[in-house]
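Following: one structure in structure tokens, then a few remarks.
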Amino acid sequence: MKEQHEAHHITSYRFNAIIWGALLVLTVVTVVAAQFDFGFLNVVVAMTIATTKAALVIFFFMHLHYEKPLFKILVFLTFFLLAIAIGFTFFDIAYRY
Amino acid sequence: MSAIKDYTGAKLGMWLFLFTEVLLFGGLFLLYAAYLHKFPQEFHVSGKELNVVLGGINTVVLITSSWFMALSISALQQGHVGQSKKFLLLTLAMAAAFLVIKYFEWSAKIRLGIFPDSQVLLARPPGDVIFFGLYYLMTGLHGLHVIIGGGLLSFAYFLIHTGRVTQKDFVFLENSGLYWHLVDLVWIYLFPLFYLIA
């Protein structure tokens with residue numbers, strides 16, 4: 001049997017540190033942003049920052065950026081399904097109350 | 001003897017499992033969203049009672065743990081076994097720190113009589129009861145994931161220590177890492193939703 005070699009991406013310590021720093025900065029940003037009242041936009045602002053942080057974790061710490069397209073499609077599909085579930089529920093809730 | 005490892009298959013399996021976790025927590029986030037819509041004022045008032053400082057520290061702790069996790073994998077891939085193990089221990093230390101902080105947070109609330117089905121909580125408006133119900137349910141389920149993740153990482157440490165996870169065969173460490181990062185991901189959303197949006 002022939003041994004199969006797959007290419008593995010190795011993330012450098014330096015790059016990992018940059019992602020960590022970016023996540024810390026965004027955490028400070030979200031806490032500071034919460035001190036201001038944007039009304040309805042409070043949720044939008046907080047969730048946008050959280051999603052930016054999530055994207056950094058998924059793409060770089062979880063290496064999705066370096067994975068095959070299949071992985072990217074599946075991750076997109078999962079979050080798309082979640083968005084449909086939450087979105088459609090809100091069509092209902094928004095017109096009910 | 002060398003076993004052929006299907007890395008793509010192994011990682012795909014882990015990702016598929018993580019998707020079921022996303023949908024599990026997703027269901028609870030949906031509940032949170034619907035009740036926030038119904039009780040904005042009560043969620044606002046109740047959320048103010050949570051300790052932002054402790055929640056913020058825990059966010060930093062988990063982000064840092066994720067960083068150490070990524071470093072542990074990078075180190076092992078480069079053949080630095082000792083470093084990889086050190087980073088893994090640091091990840092575990094962060095997991096323990098998270099749980100200790102969470103313990104103090106929960107016990108402070110419980111001492112005030114705020115916990116599911118308590119007389120103090122039931123005397124308050126329905127929106128408050130739902131907010132704290134979701135708080136205990138979601139942070140509790142998340143805490144359970146931290147404990148399971150810690151167990152998984154300890155096992156990965158044992159496998160590296162006994163030479164069964166190596167520079168050439170590290171998919172177990174990588175998959176444990178994927179689980180650990182998911183734990184971090186969930187908290188990234190829990191923190192603003194419970195501690196800040198209010």
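Throughout, a chain's letter reflects where its sequence line sits, starting with A, and its residues are numbered from 1.
- Of the two parts of A:Val75, the backbone and the side chain both hold a non-hydrogen atom closer than 4.5 Å to a non-hydrogen atom of chain B.
- Residue A:Leu70 touches chain B through its side chain alone, counting heavy-atom pairs closer than 4.5 Å.
- When heavy atoms are compared at a cutoff of 4.5 Å, B:Ser74 approaches chain A by way of both its backbone and its side chain.
- In this structure, the portion of A:Thr89 lying under 4.5 Å from any heavy atom of chain B is its side chain and not its backbone.
- Between A:His63 and A:His9, the closest side-chain pair of non-hydrogen atoms is not below 4.5 Å.
- In this pair, A:Phe90 and B:His37 present their aromatic rings perpendicular. The plane angle is above 60°, beyond the 30 to 60° band.
- Among B:Phe194, B:Tyr35, B:Tyr136, the single residue meeting the ring pair (Phe, Tyr, Trp, His ring centres under 6.0 Å) criterion with B:Phe131 is B:Phe194.
- Highest contact tally toward chain B, considering only A:Ala46, A:Ser12, A:Ala33, A:Ala54, is held by A:Ala54 [criterion: heavy-atom pairs under 4.5 Å].
- Going from atom NZ of A:Lys53 over to atom CG of B:Leu185 covers 10.5 Å, rounded to the nearest 0.5 Å.
- The backbone N or O of B:Gly47 lies less than 3.5 Å from no partner atom in the side chain of B:Tyr135, so there is not a single donor-acceptor pair.
- With a 4.5 angstrom heavy-atom cutoff, B:Phe68 does not touch chain A via any of its atoms.
- Interface summary for chain A: among B:Ala70, B:Pro40, B:Gly55, the most heavy-atom pairs under 4.5 angstrom belong to B:Ala70.
- Ring orientation note: the planes of A:Phe91 and A:Phe88 are nearly perpendicular, at an angle over 60° on the 30°/60° scale.
- Within the 4.5 angstrom heavy-atom criterion, only side-chain atoms of A:Thr27, from C-beta onward, approach chain B.
- For A:Ala17, the parts lying near chain B are the backbone and the side chain together; criterion is any non-hydrogen pair under 4.5 Å.
- With a threshold of 4.5 angstrom between heavy atoms, A:Gln35 does not approach chain B through any atom at all.
- Counting heavy-atom pairs under 4.5 Å between each of B:Val60, B:Leu16, B:Leu36, B:Thr64 and chain A puts B:Thr64 at the top.
- For the residue pair A:His8 and B:Glu174, no side-chain donor N or O sits within less than 3.5 Å of a side-chain acceptor on the partner.
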